[in-house]
Amino acid sequence: MNDEFKVAVYSAIGSVPEGFTASYGYIARLAGQPKHARAVGYLLKHLPKDSSLPWFRIVNSKREISFPFGTSSYQRQLEALQAEGISLDNGKIKKEFFVG
DNA sequence: CACTTGACGTGGG
DNA sequence: CCCCACGCCAAGT
């Protein structure tokens, strides 16, 4: 993967408005690489510790947090989302908070 | 090289 | 809605 793509992905993630979520695939599409949803996941996983990107606003296409339920990672993301008013319904982001 | 892994997505049944 | 096979692709081993 090239820097061009990384930058586009970071930019796309930064463009997701507060109070909303977007899918990995949607970010990949915005970055001009529709088939790179997984690469988006890779980049998020390896985000620099100091990054201020809203990583928690990215969920999978089923509108679920992409961490196994019950893990601390899952919990961290859930809390970050709820902190800005995004609520889930049976593990799924309510559609009114989801774009893409 | 050739496998394997993983914060993914989609179409079909 | 659930489950599954398959497609995809960067990194790691």
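Each chain gets a letter, A, B and so on, in the order the sequences are listed, and its residues count up from 1.
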Would you call [X] and [Y] a side-chain contact if the rule is heavy atoms closer than 4.5 Å?
| X | Y | result |
| --- | --- | --- |
| A:Met1 | A:Leu43 | yes |
| A:Phe56 | A:Glu84 | yes |
| A:Ser72 | A:Tyr74 | no |
| A:Tyr24 | A:Asn60 | yes |
| A:Gln77 | A:Trp55 | yes |
| A:Thr21 | A:Arg63 | no |
| A:Leu53 | A:Leu44 | no |

Taking side-chain contact (heavy atoms from CB on, under 4.5 Å) as the test, write out the residues that go with A:Ser11, two or more places apart.
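By the side-chain contact (heavy atoms from CB on, under 4.5 Å) rule, A:Ser11 matches no residue at all.
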Test of understanding: with side-chain contact (heavy atoms from CB on, under 4.5 Å), list the residues that count as partners of A:Glu96, not counting sequence neighbours.
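A:Glu96: side-chain contact (heavy atoms from CB on, under 4.5 Å) contacts with A:Lys94.
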Any residue in residues 66-88 of chain A with a heavy atom nearer than 4.0 angstrom to DNA chain B? Just list them by number, or reply none.
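Going residue by residue through residues 66-88 of chain A, the ones with a heavy atom under 4.0 Å of DNA chain B turn out to be A:Ser66, A:Phe67.
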Of all of residues 15-31 of chain A, which get a heavy atom below 4.0 angstrom from DNA chain C, listed by number?
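Listed by number, there are none.
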What one-letter contact string describes nucleotides 1-13 of chain C from 5' to 3', where B marks a base within less than 4.0 Å of any protein heavy atom, S marks contact via sugar-phosphate atoms alone, and - marks no contact?
S-----BBSSS--
Once you round it to whole Å, what is the distance between P of B:dG6 and NZ of A:Lys45?
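Taking NZ of A:Lys45 and P of B:dG6, I get 7 Å after rounding.
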Give the rounded distance in Å between these two atoms: CG of A:Asn60 and C1' of B:dG6.
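So the two atoms are 13 Å apart, to the nearest Å.
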Is there a donor-acceptor contact under 3.5 Å from the side chain of A:Asn2 to the main chain of A:Phe5?
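Side chain of A:Asn2 to backbone of A:Phe5: a pair is present.
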Please determine whether residues A:Leu47 and A:Val16 belong to a single hydrophobic cluster, defined as Ile, Leu, Val, Met, Phe, Trp and Tyr linked transitively by side-chain heavy-atom distances below 4.5 Å.
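Same cluster.
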What pairs of nitrogen or oxygen atoms, one from the protein and one from nucleotides 11-13 of chain B, lie under 3.5 Å apart?
none

Using atom C1' of each nucleotide, how far apart are B:dT5 and C:dC8 to the nearest Å?
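Taking atom C1' in both B:dT5 and C:dC8, they lie 13 Å apart.
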Taking the same atom, C1', in C:dG12 and in B:dC1, what whole-Å distance lies between them?
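Pairwise C1' distance, C:dG12 against B:dC1, rounds to 14 Å.
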Within this structure, what is the CD1-CD1 distance for the pair A:Ile86 and A:Ile93, rounded to the nearest 0.5 Å?
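Going from CD1 on A:Ile86 over to CD1 on A:Ile93, the span is 6.5 Å.
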Roughly how far apart are A:Phe69 CZ and A:Glu64 CD, rounded to 0.5 Å?
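Going from CZ on A:Phe69 over to CD on A:Glu64, the span is 11.5 Å.
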